[in-house]
Every structure is written in C-alpha cells, then in structure tokens.
Amino acid sequence: GVPGTRDERCPVRSLDQLYLQACALHPVLKTLVRRWAASSGGCLPVGLTHRRASRESTLGGGSTTGGGGADSVVVPSADVSDGHVRWAKIKSTCRAIEKAVRSYKGDVSRVTDICRQSIVFRTLQDLVTCLHMIESDRSIRILRIKNRLDPAYDDT
C-alpha cells in the first residue's frame, strides 16, 4: 500500500471519522482541482453574480452546461479567482446517512463523495488529459470512474 492511505482491509466505518477526514481534505482537493483544470483546459463553475463570469457567458467565453447548477456558468480556470469559483460543499450528513442506508445497506465506508468537486471540459481530449494527470499523481488513487458518456451508463 501507499503510506498514509487507507487500508482496504480496514475501512472507516464511522461517519464522524469520514467527516473529519473530508473537512481536512476539502481545501487540498480544491487546490488539486484548480491545478488539474488549469493544466488540462478544464473549466470551473462560477456563480452568475460574479460580474466577469456573467459578461463572459454573454460574450460566449463561458458556458452554462454542467458542473455548477442552474445559477452558475463555467469559465476557464485561469480566468477566475478562487473567491469566485462555486466550489461544491461537503455533502450534508443527512444526505450521507440517506445514501449509506438506501444504497449501501448502512455501510458508511462505501460513501465516497462526501468531499467532491467538478471540472467541466469542452473537449473529450481535455477530459482525457486531465484523467491522465490525476492517474499519474502519486498522492491519488482512483477507486472508480463513472463514465456518463457511455450509452450503457445507468445511475440508478
């Protein structure tokens, strides 16, 4: 195993422990996501109240597709400061419990998206470039990829 990573034979079964880890990793993940997006042509969600994002979306520099919800646009990561990125929040404990019970028979160790972020890509090649960057990062281990571009994808 990789030093400092969780042991697959001894999963974290405490929701409190998962949230402690998520709170510690949240700022680290945001830093990594910004770096990956900037190096791969990825875009980050920005709230519509951000004047520059609104102007760019009107001029065609931004996109309203995916990643940030109905009240945001996505812009190239280099064009926006951290204070204006619409970073995803840590999943609520109520939603994590609901997911553990509904999807994993109460096994909280299987809830893997407590701490999460989004990068939106304009081309498939940009997405592949980013995946290669993530895969080559020795501090990251990919456990699962949901390919929502696959026609056979089923999110149930």
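Here the structure is a predicted model, which is why all the values come from computation and not from measurement.
Atom-to-atom distance recorded for Arg34:CZ and Ile119:CD1 is 10.5 Å, nearest 0.5 angstrom. Within the model, atoms CZ of Arg35 and CE of Met133 stand 7.5 Å from one another, a figure rounded to the nearest 0.5 Å. Here OG of Ser40 is found 10.5 Å from CD of Gln125. Values are rounded to the nearest 0.5 Å. Atom SG of Cys115 is separated from atom CD of Gln21 by 10.5 Å, given to the nearest 0.5 angstrom. Here the SG atom belonging to Cys43 is positioned 4.0 Å from the CZ atom belonging to Arg122, to the nearest 0.5 angstrom.
The nearest pair of heavy atoms linking Arg144 to Thr112 is NH2-OG1, 3.8 Å. Of all non-hydrogen atoms in Asp137 and Ser139, the two that sit nearest each other are OD1-OG, 2.6 Å. The minimum heavy-atom distance between Ser109 and Pro11, with the atom names listed, is CB-CB, 3.7 Å. Closest approach of Lys99 to Asp113, counting heavy atoms only: NZ-OD2, 3.0 Å.
One hydrophobic cluster, built from ILVMFWY side chains closer than 4.5 Å, cannot hold both Tyr153 and Leu131; they sit in different ones. Residue Leu25 is not grouped with residue Ile140 when hydrophobic side chains (ILVMFWY) are merged at heavy-atom distances under 4.5 angstrom, including chains of intermediate members. A chain of hydrophobic side-chain contacts below 4.5 Å, direct or via other Ile, Leu, Val, Met, Phe, Trp or Tyr residues, connects Leu149 to Ile142. Taking hydrophobic clusters as Ile, Leu, Val, Met, Phe, Trp and Tyr residues chained together by side-chain heavy-atom distances below 4.5 Å, Val12 does not share a cluster with Leu20. Follow the hydrophobic side-chain contacts under 4.5 Å out from Val101 and you reach Ile114 in the same cluster.
No side-chain heavy atom of Ile97 sits under 4.5 Å from any side-chain heavy atom of Val111. Side-chain contact check for Leu18 versus Val108: some heavy-atom pair is nearer than 4.5 Å. Residues Val33 and Leu44 have side chains in contact (heavy-atom distance under 4.5 Å, counting atoms from C-beta outward). Between Lys30 and Val85 the shortest side-chain heavy-atom distance does not fall below 4.5 Å. Looking only at side-chain heavy atoms (C-beta outward), His26 and Gln117 come within less than 4.5 Å of each other.
Side-chain contact annotation: Ser14 with Asp16, donor-acceptor N/O pair under 3.5 Å absent. Between the side chains of Thr129 and Asp126, no donor-acceptor pair is found at a separation under 3.5 Å.
Under the 3.5 Å distance criterion, the side-chain polar atoms of Ser39 are left unmatched by any main-chain donor or acceptor of Trp36. No donor-acceptor distance shorter than 3.5 angstrom exists from the side chain of Tyr19 to the backbone of Ile90, with no hydrogens or angles considered.
Arg95 pairs by the side chain to side chain donor-acceptor pair (under 3.5 Å) definition with Glu98, not counting sequence neighbours.
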